[in-house]
Amino acid sequence: MSTVAKTETDLTPVHSTRVSGRAWLQDALPKLVLAPSFAVTIVFVYGFILWTVYLSFTNSKTFPSYTLTGPRAYQRLWRWTFENDPPSSWYTSITNMGIFGFLYIGICLALGLFLAILLDQKIRGEGVLRPIYLYPMALSFIVTGVAWKWFLDPGLGLEQTLHQWGWTSFHFDWIKNKDFVIYTVVIAGVWQASGFVMAMFLAGLRGIDGEIMKAAQIDGASSFQLYRRIIIPMLRPVFLSAFIVLAHLAIKSYDLVVALTSGGPGGSAWLPSNFMYEYTFKRNEMAVGSASAVIMLMTLTAIIVPYLYSELKERPR
């Protein structure tokens, strides 16, 4: 009996060690799997962000220069911001960003909400219409830009087709007009993103408790009052999420402008992303290009950080 007891006593520590080792492995395995991707993100995203910030304070031209020269690049951009007669490339870029961002976000939100309300009426053929609205978001900006370039080109698109049908007085040359070319970018961008916004709003509408709407209808609320005073205010989180996504897409838009307008006549369709690429890789002004990239990052941060703060502040409640 003493031998058996001794054997059981000797085996107990070995068993507990195996259990603790297995528990440690189960706890550490997800971290070990995610460690390589986490390290790559730290180096190739945040590391290069810090490197870009550093270059913006140097006198880098074609190749990086590691000698700090102060905020000269930012001073040049600040000076160019107010050169509107004739306008500098930076002035044109930030002006176009204001026009494109305001119209792109506003129209996508309005059109997406309108389409979502229509589909929420349980109309026949909803299963067919929803993929049609969502399909443009599956395309890249390059494909969208090329397709709309063919459609809007006066020599082979809409204008040429209508001329062949006999409407010779019709003219639509916005893509060739430096004063209107940015609006063609808005048209293409809205066409691509409005279906995605519609899907976000439709999910929000389907998540609203039907008892609330029934109670409002019993109290005599009309359909317009129901949406204006109850449903749309309840979609506030969806509005915020859609705004963040659209603002992110608007600020970093580059390939859509290049594919659609090639920068427009004389760079009249430039956005800050086009300015950054042009000055960094074509005009050999790496410091200026880096400074413009930092300003774009600061703009995105100014939009996203308040949103994240509000979300994290409300979560503990």
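When reading the values below, keep in mind they use all heavy atoms of this one structure, side chains included, and skip hydrogens, waters and symmetry mates. We're numbering straight along the sequence, starting at 1.
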If you compare all heavy atoms of Ser56 against all heavy atoms of Val294, which two are closest, and at what distance to 0.1 Å? OG-CG2, 4.2 Å
Under 3.5 Å donor-acceptor, Gln121 side chain and Ile117 backbone: yes
If I take atom CD1 from residue Ile182 and atom CD1 from residue Ile99, how far apart are they, to the nearest 0.5 angstrom? 6.5 Å
Could you measure the distance from the CG atom of Leu29 to the CG atom of Leu34? Nearest 0.5 Å is fine. 9.5 Å
Check this for me: Arg72, atom CZ, are more than 12 non-hydrogen atoms of other residues, nucleotides or ligands nearer than 6.0 Å? no
Check Gly204 against Leu235 and note the closest heavy-atom contact, atom names and distance. C-CD2, 3.6 Å
Take atom CZ of Phe38 as the centre, draw a 6.0 Å sphere, and report whether it contains more than 12 heavy atoms from other residues, nucleotides or ligands. no
Side-chain contact, heavy-atom cut-off 4.5 Å: Trp90 with Val288? no
Are Trp270 and Met97 linked, directly or through intermediate hydrophobic residues, by side-chain heavy-atom contacts shorter than 4.5 Å (ILVMFWY only)? no
Measure across Ser169 and His171 and return the closest heavy-atom pair with its distance rounded to 0.1 Å. O-CD2, 3.2 Å
Looking only at heavy atoms, which two atoms of Met198 and Leu119 are closest? And how far apart? SD-CD1, 3.5 Å
How long is the span from the CG atom in Leu115 to the CG atom in Asp120, to the nearest 0.5 Å? 12.5 Å
Taking side chain as C-beta onward, heavy atoms only, is Lys61 less than 4.5 Å from Met286? no
Within the supplied structure, the quantity of interest is the number of heavy atoms (other residues, nucleotides, ligands) at a distance under 6.0 Å from Tyr135 OH; does it exceed 12? no
Between Leu109 and Phe201, is the side-chain contact (heavy atoms from CB on, under 4.5 Å) condition met? List the steps. CA-CA 9 Å; Leu109 289 176; Phe201 279 120; 4.2 Å; yes
What I'd like to find out is whether the side chain of Phe141 reaches to under 4.5 Å of the side chain of Val258, using heavy atoms alone. no
How about Tyr74 and Phe57: are their ring centroids closer than 6.0 Å? yes
Please tell me if the side chains of Tyr183 and Leu103 come closer than 4.5 Å, counting only heavy atoms from C-beta onward. yes
Heavy-atom donor-acceptor pair, Ser273 side chain to Ser253 backbone, under 3.5 Å: yes
Spatial distance of atom CG (Asp179) from atom OG (Ser268) [nearest 0.5 Å]: 8.0 Å
Quick one, Glu278 with Ser89, criterion side-chain contact (heavy atoms from CB on, under 4.5 Å). Give me CA distance, side-chain angles, the key distance, then yes/no. CA-CA 10 Å; Glu278 185 76 17; Ser89 300; over 6 Å; no
Applying side-chain contact (heavy atoms from CB on, under 4.5 Å), run through Tyr54 and Tyr66 and close with a yes or a no. CA-CA 8 Å; Tyr54 182 85; Tyr66 300 101; 3.8 Å; yes
Residues which pass side chain to side chain contact (heavy atoms under 4.5 Å, CB included) with Pro87, listed by chain and number, not counting sequence neighbours: Tyr91, Thr92
Parallel under 30°, tilted from 30 to 60°, perpendicular over 60°: which one fits the rings of Phe170 and Trp167? tilted
According to a hydrophobic-cluster definition based on side-chain heavy atoms being under 4.5 Å apart (Ile, Leu, Val, Met, Phe, Trp, Tyr only), do Leu271 and Val146 belong together? no
pair Lys176-Pro154: side-chain heavy atoms closer than 4.5 Å: yes
Tell me whether Ile208 is reachable from Leu240 by hopping between hydrophobic residues (I, L, V, M, F, W, Y) whose side-chain heavy atoms are closer than 4.5 Å. yes
Quick check: closest heavy atoms across Ile175 and Leu152, and the distance to 0.1 Å? CG2-O, 3.6 Å
For Asn59, does its backbone N or O pair with a side-chain atom of Ser65 as donor and acceptor, under 3.5 Å? no
Does the Thr184 side chain pair with the main chain of Val181, one donor and one acceptor, at a distance under 3.5 Å? yes
Are Val186 and Trp150 joined in one hydrophobic group, where the rule is that I, L, V, M, F, W and Y side chains link up if heavy atoms are under 4.5 Å apart? no
Ser194 OG to Leu113 CG distance, which is reported to the nearest 0.5 Å: 12.5 Å
For a 4.5 angstrom cut-off between non-hydrogen side-chain atoms, does Lys149 reach Ser262? yes
Decide side-chain contact (heavy atoms from CB on, under 4.5 Å) for Thr58 and Thr67; before the verdict, give the C-alpha distance in whole Å, the side-chain angles of both, and the deciding distance to 0.1 Å. CA-CA 6 Å; Thr58 65; Thr67 303; over 6 Å; no
Less than 4.5 Å apart, any side-chain heavy atom of Pro272 and any of Ser292? no
Between CG of Leu156 and CZ of Phe151, what distance do you get to the nearest 0.5 Å? 11.5 Å
Does Phe114 have more than 12 heavy atoms from other residues, nucleotides or ligands lying within 6.0 Å of its CZ? no
Tyr227, Met200: one ILVMFWY side-chain cluster at the under-4.5 Å cut-off? yes
So, does Gln192 use its side chain to make a donor-acceptor pair with the main chain of Pro136 at under 3.5 Å? yes
Can you find a pair of side-chain heavy atoms, one from Phe100 and one from Val257, that are under 4.5 Å apart? no
Only pairs under 3.5 Å count here: list side-chain donor-acceptor contacts from residues 40-53, not counting sequence neighbours, and write none if there are none.
residue : atom : partner : partner atom : Å
Thr41   : OG1  : Ser37   : O            : 2.9
Thr52   : OG1  : Phe48   : O            : 2.8

Those residues at least two apart in sequence (or on a different chain) that pass ring-ring contact (aromatic ring centres under 6.0 Å, His included) with Phe243 are none
Any donor-acceptor pair under 3.5 Å from Asp255 side chain to Ile142 backbone: no
Geometric class of the Trp80/Phe275 ring pair [parallel <30°, tilted 30-60°, perpendicular >60°]: perpendicular
Identify the two heavy atoms, one from His248 and one from Leu300, that lie closest to each other, and give their separation to 0.1 Å. CA-CD2, 3.7 Å
